[in-house]
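First the structure, in the form of structure tokens, and then the observations on it.
Below, read A as the first sequence line, B as the second, and so on, with proteins coming before strands; counting in each chain starts at 1.
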Amino acid sequence: MTIIRFGYVAMSMNLQHASPSQTMTHKQFSGLKDEEAAIRKLERIAVSNIENCLRLLKHNVLHDIHFFRFSSKLIPLANHPDLAGWDFLTPLLPALGEIRSYLREHPMRVDFHPDHFVLLNSTDPQVMKNSLKTLRMHEGILDAMGIDPLHRCVLHVGGAHGDKEKAMEQFIHNWGLTPEGIQRMIMLENDDTVFSAFDALYLCEKLGVPLVFDLHHHMANEERDWTLDWTRVVATWKDSPLPLKMHISSPRSADDFKAHADYIDPHDFLGFLRQVEGSVDRIDCMIEAKQKDNALFKLMEELVQEEGVRRVDGSTIEIG
DNA sequence: CGACGTCAAGTATAA
DNA sequence: TTATACTTGACGTCG
């Protein structure tokens, strides 16, 4: 028997004017004459983004959703070199404190997926430095929200630069340059073109990092049968206080296989569920679909029609 | 108001 | 070496 909780990413299709990712581009910022005023504007945008996160958390509680990925665009230009001296965190502490209080009363699994330019396997020291800076920002936000940063940031392995083996060894090398506090935040995810689940498992096992298994990426990237190594995936979570986490999405079309569809095709996922059922007590399953929370609601309705699937609450099923 | 163009820290690929 | 695509949400502008 396995309990599966579904989560969704960053924004709701049901809340109006609740974007957690409002932004100001660097070009816009540079165009403003009064730099102090421009920074105050950035701070207003960031506070609004965090207030919208709180609205999203309340929306989640209202719909029995226990699993949510925050936007990683909460603080525009936080890590831009032109704003190196900006203390972006202090003005946000009151808003982050409200999230801390709310999450204390309504526990929910929350995490981040920093954007694709956060790379821990780059050979360019500047890219590595910026990546660590961005990860420290995530750590600061989590701390201010009162969340233990352990296993709260999903990353891909990074670029291959034409030599996958070498790029993986570079990851291991750079891991040694990564502060322990950042290391413990990280989970690794297989990608859809270069680093398969088996590549990622090599790194996860070597470095003691949980693997976030992305079923859609696996289908796009690998011929090999994932079930051969599923017990290895499960094992990467044995020292985590959090349930195994994975990602699901459906292909937009046969021709555009890698792109995410609006909703999840339940049959893409049901076969998987039937195979893993019983191998692990709990799975937290992040839905990456264009229709966000609506895709979650639709998938729930469809799955509970299926043989052997029982509804636990608005976002949770039990199978087996 | 809807349609369209612009922007984004890195990487991959084509020209 | 340089430019463009990738991806995707936000935002500004145009008609």
- d(CG, D115(A); P, dA10(C)) in whole Å: 13 Å

- Item | Between dT8(C) (C1') and R69(A) (CZ): distance, integer Å | 13 Å

- Given atom CZ of F29(A) and atom P of dC11(C), what is their separation to the nearest angstrom? 17 Å

- Task: Figure out the CD1/P separation between I75(A) and dG9(C), and round it to whole Å.
- Result: 20 Å

- Message: Would you compute the distance between atom CG of D239(A) and atom NE2 of H151(A) and round it to the nearest 0.5 angstrom?
- Response: 8.0 Å

- Task: Measure across L211(A) and N190(A) and return the closest heavy-atom pair with its distance rounded to 0.1 Å.
- Result: CD1-N, 4.2 Å

- Given atom NZ of K27(A) and atom P of dA10(C), what is their separation to the nearest angstrom? 21 Å

- Item | Length of the CG-P vector between L74(A) and dG9(C), whole Å | 15 Å

- Query: Whom does dA9(B) pair with, Watson-Crick or G-U wobble, provided both distances fall under 3.5 Å?
  - Reply: none

- Plane angle bin for H59(A) and F297(A) - parallel if under 30°, tilted between 30 and 60°, otherwise perpendicular: perpendicular

- Task: Quickly work out the D256(A) CG to dC6(C) C1' distance and round it to whole Å.
- Result: 12 Å

- Task: Take the protein atom NZ of K41(A) and the nucleotide atom P of dA10(C), then report the distance between them rounded to whole Å.
- Result: 16 Å

- Query: Does D262(A) come within less than 4.0 Å of R252(A), counting only side-chain N to carboxylate O?
  - Reply: yes

- Task: Using a cut-off of strictly less than 4.0 Å, decide whether K292(A) has a side-chain nitrogen or oxygen near OP1 or OP2 of dG9(C).
- Result: yes

- Message: Under 4.0 Å, counting only non-hydrogen atoms across every strand here, what does K290(A) touch: a base, just sugar-phosphate, or nothing?
- Response: sugar-phosphate

- Counting any heavy atom closer than 4.0 Å, what does S71(A) reach on the DNA or RNA strands: base, sugar-phosphate only, or nothing? nothing

- Task: Examine dA10(C): is either OP1 or OP2 under 4.0 Å from a nitrogen or oxygen in the side chain of S19(A)? Give yes or no.
- Result: yes

- Item | 5' to 3' contact window, DNA chain B with chain A (heavy-atom distance under 4.0 Å) | dC7(B) to dA12(B)

- Rounded to whole angstrom, note down the P distance from dT6(B) over to dA3(C). 16 Å

- Item | Short N-O contact, D284(A) and R109(A), less than 4.0 angstrom | yes

- Carboxylate-amine/guanidinium proximity below 4.0 Å for D229(A) and R224(A): yes

- Using the P atom as the reference point in each nucleotide, state the distance between dG5(B) and dT4(C) in Å, no decimals. 15 Å

- Using a cut-off of 4.0 Å on non-hydrogen atoms, how would the nucleic acid contact of S131(A) be classed: base, sugar-phosphate, or nothing? nothing

- Message: Please classify the nucleic acid contact of A160(A) as base, sugar-phosphate, or nothing, using heavy-atom distances under 4.0 Å.
- Response: sugar-phosphate

- Could you give the distance separating dA10(C) and dT11(B) at their P atoms, to the nearest angstrom? 25 Å

- Item | Flag, side chain of N174(A) to backbone of L120(A), donor-acceptor distance under 3.5 Å | yes

- Query: Do I283(A) and V276(A) come close enough that some side-chain heavy atom pair is under 4.5 Å?
  - Reply: yes

